[in-house]
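Only this structure's heavy atoms are used, side chains among them; waters, hydrogens and symmetry mates stay out. Residue numbers begin at 1 in each chain, while the letters A, B, ... track the order of the sequences. Small disclaimer: the values here were computed from a predicted structure and weren't measured.
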Amino acid sequence: MLKPYCVIAVGLFSIPILLQRLSKCSKIEKYFEKGMSEMDNKELANLLFPDVTKTPEYYEELYPKRNLPEGAIVTRFAPSPTGFIHIGGLYASLIAERNAHQSGGVFFLRIEDTDKKREVADGVSQIINVLRDFNVNFDEGVIGENETDVGAYGPYTQSKRADVYRTFAKKLVEEGKAYPCFCTEEQLELTRKRQEAVKARTGYYGQWAVDRNLSNDEIVEKINQGLKFVVRMRSPGVNNRKILHKDLIHGKVEFPENDIDHVIIKSDGIPTYHFAHVVDDHLMRTNLVIRGDEWLSSIPVHLQMFATMGWEPPKYAHISPIMKKEGETKRKLSKRKDSEAAVSYYFEEGYPNVAVTEYLLNIANSSFEPWRRSNPMTPYTEFQIKLSDMNASGALFDLVKLNDISKDVISKMTGEEVYSYTKEWAEKFDSELHEMLTRNKEYAVKMFSIEKGGNKPRKDIGKWSDVKNQISYFFEDKFDHQYDFSEKISEEDRKAILNAYLETYVFDDEKQVWFDKIKAICDKLGFASNNKDYKANPDQYKGNISDVSNVIRVALTGRQMSPDMYEIMQVMGKEATIKRIRECL
RNA sequence: GGCGCAUUGGUCUAGCGGUUAGGACAUCACCCUCUCACGGUGGUAACAGGGGUUCGAGUCCCCUAUGCGCUACCA
């Protein structure tokens, strides 16, 4: 669909319509009649932006300063709706959201869809849904029903703000701070080659900015010829002067002043990122911009644009990217090459969202770990994240560490919680597991409650996809009846142990009674019931209590490693327990 | 090429002129009256390199190397 500004832009280049428009303006009419005195900047601005009807003052009033307490941070997450949520995007949004809400400020979502080529149909709803899942909550933005705006500073979608940008671009032209440039891409390419040939800096600046000093007459002439144009901001900068920027993460950073006349409005009438950022973040009253450090180099441009507009710039925090190691080198996690770059990866693997969040928090502020240790049960939202504690270099993503944090997070959940999260995950990714969990909820919850509670809860699940393998023996129809008995114990001894166990086994025994019975079996069959005795005189015994226990364990679960045997039997029930053991006789 | 940013064990990092360079993950050993997972104790392991400044440098300055980013009418 053609956007209104496209229609207007096209219209501009068609002479009859142009003349029609011009005829509305008496001054221009006069100019054409007399053909003498040069058109002034105001008239030029009208010629360049005939569609603009509002004034800067109108927008300044429409979007008043926010009435917030001192220190309240207004910040945003501003993604492009490409349908791919990068872990780095989640990282940035988490940091922004925490900073805004910790300070009693505002966090909003702005969609930067000025690049229509990369856009995906349901890109926006995907972003909103993923962030909601991760508890990254917005106060304003494209977050209402059917992606409608919530908040007084909208529209929050850049493609719907063309008139806003054009109003301010027009003002700059009136003030002589911006001008149209008719250079074609080929001409610019040529300029660049010449600059390279003479080893000059590349870019549209100084004497290379050929359209910078076009007279208004020349401009009118070119427009009459139907030439396309972009609008560039006239840079007041001098390259050999330095500017100092104080970044909230990088600290003091020094750059040469920008002297390039950057494009602010493209030939299709849409603003560039630079201009949209400056206009939007001013009008939306953003006071802190948190973004990837690939933008750090653009700071001279952005600061200069704020100054040219006469606006106070926001504070900036440039965060370092999450990296990946490939061979000997580090590189940014790549959307194309690395499956773990996508937030959906963690979802599919079955990492709890809280675990991913806590891992990200741990990368952001290393003080998170000691805090977590001294506040084991406090929600992470109580942790005060500090931008100044963030590292200026990129961290390698460490799945092993994530796994450790995730095990910790899951270990603190109740059996009931583990059950419902696993079920929810299995519903999407493992129908067999889902069926196992839903046929008898009570049984499944008991299973997940083994060795829970107390100050040393069981810590063996890192992600929901681990679960099936760990619980399969609880289900008669999923149990493969393969018994991994240790070769250390003879078949004869094995059967003797199992027989003795069955003889004395009483389902209702207390745990200590049950254990004492195993000890008794050890003594009876020549195994050490006490590990210290065994270690002191290993030759006097066939083995120790571990060996005896493991025979029972394998008969029960098929494997040599399991959670607490007593609890497993309590969950499986008397019949199932006896049946398993008999099978091995 | 130009301009920036970065560089402490395998990984994430603490350190902000004087430390036996601390912690976490990983790893190894041992301990924990049932294995595993925990938990505990201990071990291996780091200031990219070179110059300065200083009584003294991981910390300040310069150079080099390496990595990353920007250098578009992409964000």
Side-chain angles (χ1 to χ4, degrees), chain A residues 78-80 82 112-115 117-118 181 183-185 188-189 192 195-196 199-204 228-232 239 247 250 253-256 260 262-268 270-274 276-277 291-301 318 320-321 323 325 328-332 359 362-363 365-367 369-370 372-373 389 391-398 400-405 407-408 411 451 455-461 470 486 515 518-519 522 528-533 544-550 552-554 557 559-566:
Chain A
S80 297
T82 58
E112 308 217 326
D113 59 347
T114 53
D115 186 0
K117 282 164 286 188
R118 298 193 312 175
C181 165
C183 294
T184 61
E185 301 210 19
L188 293 172
E189 176 71 11
R192 218 196 73 228
Q195 288 171 323
E196 278 168 5
K199 300 201 164 161
R201 275 182 303 121
T202 53
Y204 205 80
K228 280 188 158 195
F229 63 89
V230 300
V231 179
R232 290 181 183 270
N239 181 256
D247 192 84
H250 288 256
V253 188
E254 207 180 55
F255 291 97
I260 291 176
H262 281 280
V263 172
I264 58 173
I265 302 285
K266 299 186 260 183
S267 60
D268 58 3
I270 303 177
T272 55
Y273 169 83
H274 303 300
H277 154 232
R291 56 164 33 164
D293 70 359
E294 69 270 21
W295 292 109
L296 190 58
S297 303
S298 302
I299 272 292
V301 178
H318 288 95
S320 43
M323 316 284 282
K325 193 158 194 170
E328 283 307 296
T329 59
K330 278 180 167 188
R331 51 153 236 262
K332 253 169 108 164
Y359 174 65
N362 170 62
I363 289 185
N365 275 188
S366 62
S367 52
E369 266 195 294
R372 175 45 85 211
R373 224 173 307 131
D389 285 356
N391 212 272
S393 61
L396 237 40
F397 196 92
D398 188 355
V400 177
K401 180 83 179 181
L402 201 216
N403 218 63
D404 179 69
I405 289 176
K407 276 159 92 170
D408 206 64
S411 75
E451 291 183 74
N455 46 7
K456 275 162 62 177
R458 187 152 189 88
K459 235 178 188 180
D460 54 353
I461 302 173
Q470 288 181 18
S486 163
F515 192 62
I518 294 182
K519 282 185 174 174
C522 291
S529 60
N530 179 312
N531 248 330
K532 284 198 181 102
D533 294 346
N544 68 356
I545 190 163
S546 303
D547 298 316
V548 171
S549 300
N550 254 354
I552 303 165
R553 184 189 317 281
V554 174
T557 66
R559 53 185 84 178
Q560 298 199 30
M561 294 180 287
S562 83
D564 186 278
M565 266 203 296
Y566 176 79

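Residue A/Gln560 is classed as a base contact, given a heavy-atom separation below 4.0 Å to a base. Heavy atoms of A/Tyr273 sit under 4.0 angstrom from at least one base atom. A/Lys519 comes within 4.0 angstrom of a base, heavy atoms only. Within the nucleic acid shown, A/Ser366 comes within 4.0 Å of sugar-phosphate atoms alone, with no base atom in reach, counting heavy atoms only. Using a 4.0 Å heavy-atom distance criterion, A/Arg232 is classed as a sugar-phosphate-only contact. Nucleic acid contact for A/Phe515: base, since at least one base atom lies under 4.0 Å from a heavy atom of the residue. Base contact: A/Val230 has a heavy atom under 4.0 Å from a base atom. Here A/Cys183 lies in heavy-atom contact (under 4.0 Å) with a base.
In terms of polar N and O atoms assigned as donor or acceptor, the side chain of A/Arg458 never comes within less than 3.5 Å of the base of B/rC38 in a complementary pairing. Judged by distance alone with a 3.5 Å cut-off, a donor-acceptor contact links the side chain of A/Asp564 to the base of B/rC34.
Residue A/Lys266 places at least one side-chain N or O closer than 4.0 Å to OP1 or OP2 of B/rC74.
Remark: the separation of the C1' atoms in B/rC74 and B/rC16 is 39 Å, to the nearest Å. Distance noted for atom C1' between B/rA29 and B/rA45: 15 Å (whole Å). Taking atom C1' on both nucleotides, B/rU33 is separated from B/rC28 by 26 Å, rounded to a whole Å.
A salt bridge is defined here as a Lys NZ or Arg NE, NH1 or NH2 lying under 4.0 Å from an Asp or Glu carboxylate O, and A/Arg192 with A/Glu196 meets this definition.
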